[in-house]
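Lettering of chains follows the sequences in order, A, B, ..., and the numbering in each one begins at 1. The shown structure was predicted, so the numbers you read here are calculated from the model rather than taken from an experiment. What you see below is based on every heavy atom in this structure, not just the backbone, and it leaves out hydrogens, waters and symmetry mates.
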Amino acid sequence: MLDIKVVRENPTTVRENLAKRNNPELLSMFDELIGYDREWRRLFTESNTLRESRNRVTEEIAKLKKQGRDASAKIEEAAEIPQKIKNVELGMNRNREKMDHILMKLPNLLDDSVPFGLDDSGNVTIRSWGEPTRFAFKPKDHIDLALALDLIDMERAAKVAGARFYYLKKDLVRLNFALIIYGLDFMVDRGFVPFQPPYMMKKKVIEGAVALSDFEDTIYKIEEEDLFLLATAEHALLGLHTDEILEGKSMPLRYCGVSPCFRKEAGAHGRDTKGIFRVHQFEKVEQFTFCRPEDSTKEHELLIKNAEEFFQSLKLPYRVVNVCTGDLGAVAAKKYDLEVWLPGQEKYREAVSCSNCTSYQAVRSNVRYRDRLNDPTAYVHTLNSTLVATERALVAIMENYQGEDGHIEIPHLLIPYMAGLEIIKPPKRA
RNA sequence: GCCGGGAUACCCUAGCCUGGUAGGGGGCUGGCUUGCUAAGCCCGUGUCUCGAUAGGGACUCGGGGGUUCAAAUCCCCCUCCCGGCGCCA
């Protein structure tokens with residue numbers, strides 16, 4: 001959410017930035033917001049004046065009573081004021097609600113380095129690492145590989161839970177945990193504090209993190225409770241400091257979260273319907289930073305560098321794209337995607353999403369900082385990035401590490417996490 | 001789930017019964033004074049808003065309603081914490 005103070009003080013700058021989103025509706029909403037705010041401030045002053053007069057009369061009544069004198073005239077005078085205040089404040093609240101409604105819908109201000117584009121075809125590749133893996137044979141996709149090795153059961157998962165669910169089996173279960181624990185160690189080595197967060201959260205916490213439209217499309221609700229299943233550890237890590245004032249010298253606060261993620265994937269019908277690439281449930285090691293506003297650009301580069309080094313350590317070829325205006329969500333000011341090479345699809349596919357949310361989440365969640373106790377407070381900046389979403393990494397490992405006979409090698413660094421297992425072999429034929 | 005006790009500013013605490021400017025201590029900040037392993041005194045300490053400035057005003061006692069000229073205080077609802085009972089992998 002944009003800070004109403006910033007909007008009030010720099011309306012022209014904010015309006016010009018919103019114009020880059022190529023959505024005229026945003027601009028008319030913005031203009032309405034300015035009008036509501038002006039009216040709100042007028043009413044605020046009015047109610048303030050009324051309260052002042054009430055307080056004054058009330059004090060006089062107290063004084064008269066203390067002296068044992070008759071205060072009935074003053075009480076009569078004061079009796080009319082509360083209704084007037086109520087009326088004015090009713091108008092104030094109406095304006096405030098309209099303002100909040102608009103503020104919750106307006107997207108973050110875009111960073112200047114975000115390229116213009118209408119959709120994901122406008123994303124700009126800024127670097128790539130490794131060459132797309134080539135094979136002397138026709139490589140299989142992860143589904144064929146996993147079914148042949150009996151590592152995934154999709155049919156029974158559909159029976160038990162429906163489409164986009166899966167059973168991992170046998171060594172693939174161990175490989176999944178190997179990735180999680182390796183990812184966790186990788187982050188701890190870099191000084192990130194690990195968290196295993198609550199897997200359910202209150203609505204208010206999620207509202208502090210996401211665009212409202214995400215509720216319907218991605219987030220599962222628990223019936224009869226004010227609880228929602230975690231869509232990413234990002235939300236729970238942000239929630240750690242809701243309504244807090246952080247010490248300036250404690251920042252940057254670098255956290256990592258390990259958790260399952262639950263997503264509805266509404267609106268993704270027909271896309272990636274097979275296998276475990278796009279599913280309702282997956283595990284993820286997530287990076288999250290709270291930092292000073294002036295440090296967030298640098299911090300963004302650090303997070304994407306961590307993700308890149310993780311994929312490099314697994315020798316998985318990838319490229320990094322700078323996500324363009326048309327493909328960027330409401331929350332991020334700038335976003336990098338790391339796309340890993342999938343030989344089975346002969347495509348780079350999104351494996352990591354790394355966002356600088358600047359003060360957008362901090363305003364919504366009310367996370368501020370100050371250097372010294374009596375200093376004024378300011379909103380922090382927040383950033384988040386996947387380190388590894390393990391099911392997508394499993395897809396990448398299976399496809400990039402396959403052999404002609406259908407075996408899958410274990411990436412070197414993961415072997416110790418697999419109790420020494422080096423290769424997943426096809427069952428022997430009789 | 002049931003019964004009881006709590007939540008006051010950055011921290012601790014008084015005030016609640018009996019409604020009338022939220023008091024004290026610590027910390028921090030700025031200043032003054034003394035002069036040496038430091039001490040004393042004074043201003044300030046959160047949020048919003050009006051104002052060019054100086055400065056003014058409002059709000060803030062876990063959250064939300066209500067009663068009242070006036071609510072930390074009285075009434076209702078909710079959240080969280082502590083203790084006991086129950087249930088429990």
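- Rounded to whole Å, the separation between the C1' atoms of B:C81 and B:C76 comes to 22 Å.
- Using cut-offs of 30° and 60° on the angle between ring planes, the pair A:Tyr255 and A:Phe290 is perpendicular.
- Listed for the A:Asp171 side chain is no donor-acceptor partner under 3.5 Å among the backbone atoms of A:Arg174.
- Taking the C1' atom of each, B:C16 and B:G27 are spaced 27 Å apart, rounded to whole Å.
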Practice item. Test A:Glu247 against A:Tyr369 for side chain to side chain donor-acceptor pair (under 3.5 Å), laying out the working first. Key: CA-CA 6 Å; A:Glu247 266 186 76; A:Tyr369 79 99; over 6 Å; no

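- Judged by closest nucleotide on RNA chain B, A:Ile4 is the one of A:Ile4 and A:Ser47 placed further toward the 5' end.
- Taking only side-chain nitrogens and oxygens, A:Lys5 comes nearer than 4.0 Å to OP1 or OP2 of B:C48.
- As a whole-Å value, the separation of A:Asn48 CG from B:G51 C1' is 13 Å.
- Remark: the separation of the C1' atoms in B:U18 and B:A7 is 24 Å, to the nearest Å.
- As judged by a 4.0 angstrom heavy-atom cut-off over every strand, A:Ala78 is placed among residues touching the sugar-phosphate backbone only.
- Ring geometry for A:Tyr220 against A:His280 counts as perpendicular: the plane angle is over 60°, on a 0 to 90° scale with 30° as the lower cut.
- Straight-line distance from the CE atom of A:Met92 to the C1' atom of B:C59: 10 Å, rounded to whole Å.
- Judged by distance alone, the side chain of A:His300 and the main-chain N or O of A:Cys354 form a donor-acceptor pair under 3.5 Å.
- Summary of the strand contacts: A:Arg8 and A:Ala62 both lie near RNA chain B, and taking for each the nucleotide with the nearest heavy atom, the more 5' one is attributed to A:Ala62.
- In this entry the distance linking CG of A:Asp226 with C1' of B:G63 reads 14 Å, nearest Å.
- Under 3.5 Å, the side chains of A:Lys284 and A:Ser259 contain no donor-acceptor pair of N or O atoms.
- Using atom P as the reference point in both B:A70 and B:G56, the two lie 26 Å apart (nearest Å).
- Of the P atoms belonging to B:A89 and B:C75, the separation is 42 Å, rounded to the nearest Å.
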Practice item. For the pair A:Phe44 and A:Trp40, evaluate ring pair (Phe, Tyr, Trp, His ring centres under 6.0 Å) and give the outcome as yes or no after the intermediate values. Key: CA-CA 6 Å; A:Phe44 179 87; A:Trp40 180 86; 5.2 Å; yes

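- Among the heavy atoms of the strands lying under 4.0 Å from A:Lys65 is at least one base atom, whether or not backbone atoms are also near.
- A gap of 15 Å separates the C1' atoms of B:G19 and B:G66, to the nearest Å.
- Counting all heavy atoms, side chain and backbone alike, A:Leu303 lies closest to A:Gln287 at O-NE2, 3.1 Å.
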Exercise for review: For the pair A:Ser355 and A:Lys334, evaluate side chain to side chain donor-acceptor pair (under 3.5 Å) and give the outcome as yes or no after the intermediate values.
Suggested key: CA-CA 6 Å; A:Ser355 300; A:Lys334 181 178 184 179; over 6 Å; no

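- One interatomic measurement links the two molecules: CZ of A:Phe44 to P of B:C48, which rounds to 10 Å at whole-angstrom precision.
- For RNA chain B, the neighbouring residues in residues 49-60 of chain A, judged by any heavy atom under 4.0 Å, are A:Arg51, A:Glu52, A:Arg54, A:Asn55, A:Thr58.
- Here B:G51 presents its P atom at 14 Å from CZ of A:Arg42, a figure rounded to the nearest Å.
- Atom P of nucleotide B:G66 and atom CD1 of A:Ile85 are separated by 13 Å, given to the nearest angstrom.
- Remark: the separation of the P atoms in B:U60 and B:A72 is 7 Å, to the nearest Å.
- In this model, the phosphate group of B:U47 is approached by a side-chain N or O of A:Thr377 to a distance below 4.0 Å at OP1 or OP2.
- Regarding A:Glu80, its CD atom lies at a distance of 16 Å from the C1' atom of B:U68, rounded to whole Å.
- Between the P atom of B:U47 and the CD1 atom of A:Ile245 lies a distance of 7 Å, rounded to the nearest Å.
- The C1' atoms of B:A52 and B:G63 are separated by 40 Å, rounded to the nearest whole Å.
- Of all heavy-atom pairs spanning A:Thr386 and A:Ala351, the tightest one is CG2-O, 3.9 Å.
- Within 6.0 Å of CD in A:Glu155 there are 12 or fewer heavy atoms belonging to other residues, nucleotides or ligands.
- With pairs defined as Watson-Crick or G-U wobble and both atom distances under 3.5 Å, the stems of at least three pairs that touch RNA chain B come out as B:1-7 with B:79-85, B:10-13 with B:23-26, B:30-32 with B:40-42, B:46-50 with B:55-59, B:62-66 with B:74-78.
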